[in-house]
Number of protein chains: 2
Amino acid sequence: MNSDFTLAIHSLTLLALQPDRMATSDIISESAGVHPVRIRKVLSLLKKHGFIKTKEGTGGGFIFASELSEVNLWDIYKITSEGALQPKCPDSNEKCIVGANMQKVLFSIFLGAEEHLGEYLKNYTIKEVVHHINLEK
Amino acid sequence: MNSDFTLAIHSLTLLALQPDRMATSDIISESAGVHPVRIRKVLSLLKKHGFIKTKEGTGGGFIFASELSEVNLWDIYKITSEGALQPKCPDSNEKCIVGANMQKVLFSIFLGAEEHLGEYLKNYTIKEVVHHINLEK
DNA sequence: CTAATCTGTAATGTTTATTATCACAGTACA
DNA sequence: TGTACTGTGATAATAAACATTACAGATTAG
């Protein structure tokens with residue numbers, strides 16, 4: 001799994017903490033320790049799903065566009081990383097009962113695993129993450 | 001996540017289907033489509049935990065050493081891939097409230113996620129996987 | 001007892017995935 | 001009209017996964 005999921009959470013949390021003004025990709029990238037272009041790419045996904053708004057030009061940037069308690073981590077996972085749990089099986093031997101069928105068996109197991117993970121992630125919203133961040137202060 | 005987890009499942013399933021005789025790393029690697037050395041590395045982990053037995057020399061190889069229904073996928077996950085869910089966060093900015101604390105917040109979330117995944121994986125044993133493989137025939 | 005056939009494992013090379021960087025078009029504002 | 005942003009494609013650098021080589025140690029067959 002790449003870190004788009006955690007980058008998205010990081011960015012949203014930062015935006016949640018300054019709901020009144022926009023944050024640029026430079027500011028967010030400095031907080032997250034990654035390149036600003038990556039921030040723009042990940043956040044453009046979140047924009048497409050309406051979680052944030054963006055503005056180009058001077059004074060522009062990114063800003064939260066929904067209720068903190070309505071954005072849960074499962075939503076974000078699906079947008080950034082759906083299918084990431086799924087293992088990339090090498091082409092196994094079709095002549096072997098196991099090789100020929102293992103891939104689809106594993107596929108169904110991991111599909112179930114991802115759904116199960118979803119049940120857990122649905123319980124976490126950005127509001128909770130922000131709360132945890134504040135507790136750590 | 002690398003594919004050690006699925007390789008282990010694949011190998012155990014193959015061994016489960018021929019409980020009477022040993023399988024060499026060459027045979028298993030041919031079924032799984034990977035290099036025999038990888039099979040030996042992954043299976044040596046399973047051996048350490050007593051799930052299989054090995055024998056060196058002519059006629060040697062790997063063989064199942066426990067009850068199919070007592071080897072569940074969570075056991076195997078823990079052996080091969082524990083912590084794999086955990087995202088590798090880049091060093092974020094310590095001067096930023098979010099950057100400074102996000103890592104430990106994410107850590108606790110992903111720890112919970114892995115435990116939750118465990119509850120799902122515990123329900124799958126090699127016996128079930130073998131059963132699914134046979135159904136696909 | 002010697003050659004053949006295995007596992008065990010370290011070391012190294014190759015490939016693939018992830019991430020960073022560059023380049024530049026488009027938008028908004030002063 | 002210049003400056004400060006996002007949006008996005010293309011390419012380069014880095015890191016992770018995987019394959020390959022090499023060889024020591026165990027076991028068996030002849």
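Naming convention: chains lettered A, B, ... in sequence-line order (proteins, then strands); numbering from 1 in each chain.
Rounding to the nearest 0.5 angstrom, the gap separating the CG atom in A:Leu46 from the NZ atom in A:Lys41 is 15.0 Å.
If you measure from atom CZ of A:Phe62 to atom C1' of D:dA4, you get 13 Å, rounded to the nearest angstrom.
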Reading nucleotides 22-30 of chain D from 5' to 3' and marking B where a protein heavy atom lies under 4.0 Å of the base, S where only the sugar-phosphate is that close, and - otherwise, the string is ---BBBB--
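With a 4.5 Å cut-off between side-chain heavy atoms of Ile, Leu, Val, Met, Phe, Trp and Tyr, the cluster of B:Leu111 takes in B:Phe107. Under a 4.5 Å side-chain heavy-atom cut-off, the cluster of Ile, Leu, Val, Met, Phe, Trp and Tyr residues that includes B:Met22 is completed by B:Ile63.
Sorted by first then second residue, the salt bridge (Lys or Arg N to Asp or Glu O under 4.0 Å) pairs that include residues 2-12 of chain A, not counting sequence neighbours, are A:Asp4-A:Arg38. Here ring pair (Phe, Tyr, Trp, His ring centres under 6.0 Å) pairs that include residues 67-101 of chain B, with residues two or more places apart or in two chains, are B:Phe5-B:Tyr77, B:Trp74-B:Tyr77. Among residues at least two apart or in separate chains, salt bridge (Lys or Arg N to Asp or Glu O under 4.0 Å) pairs with a member in residues 101-125 of chain B are A:Glu136-B:Lys104, B:Glu119-B:Lys122. Each ring pair (Phe, Tyr, Trp, His ring centres under 6.0 Å) pair with one or both residues in residues 32-62 of chain A, not counting sequence neighbours, would appear here, but there are none.
Every side chain to side chain contact (heavy atoms under 4.5 Å, CB included) that A:Pro36 has, sequence neighbours left out, goes to A:Ser25, A:Asp26, A:Ser29, A:Arg40. Contacts of B:Asn93 classified as side chain to side chain contact (heavy atoms under 4.5 Å, CB included), with partners at least two apart in sequence or in another chain: A:Glu30, B:Lys95, B:Cys96.
For DNA chain C, the contact window with chain B, defined by any atom under 4.0 Å from a protein heavy atom, covers C:dA4 to C:dA11 in 5' to 3' order.
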Show me the donor-acceptor pairs, under 3.5 Å and distance only, between side chains in residues 80-88 of chain A and residues at least two apart or in other chains.
residue: A:Thr80; atom: OG1; partner: A:Ile76; partner atom: O; Å: 2.9
residue: A:Lys88; atom: NZ; partner: B:Met1; partner atom: O; Å: 3.0

Sort me out a list of protein N/O and nucleotides 12-19 of chain D N/O pairs below 3.5 Å, or just none if empty.
residue: D:dC18; atom: OP1; partner: B:Ser3; partner atom: OG; Å: 2.9
residue: D:dC18; atom: OP2; partner: B:Ser3; partner atom: N; Å: 3.3
residue: D:dC18; atom: OP2; partner: B:Arg38; partner atom: NH2; Å: 3.2

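Looking at heavy-atom distances under 4.0 Å, B:Lys47 makes contact with sugar-phosphate atoms alone, never a base.
Between A:Thr24 and the phosphate of D:dT6, there is no side-chain N or O to OP1/OP2 separation shorter than 4.0 Å.
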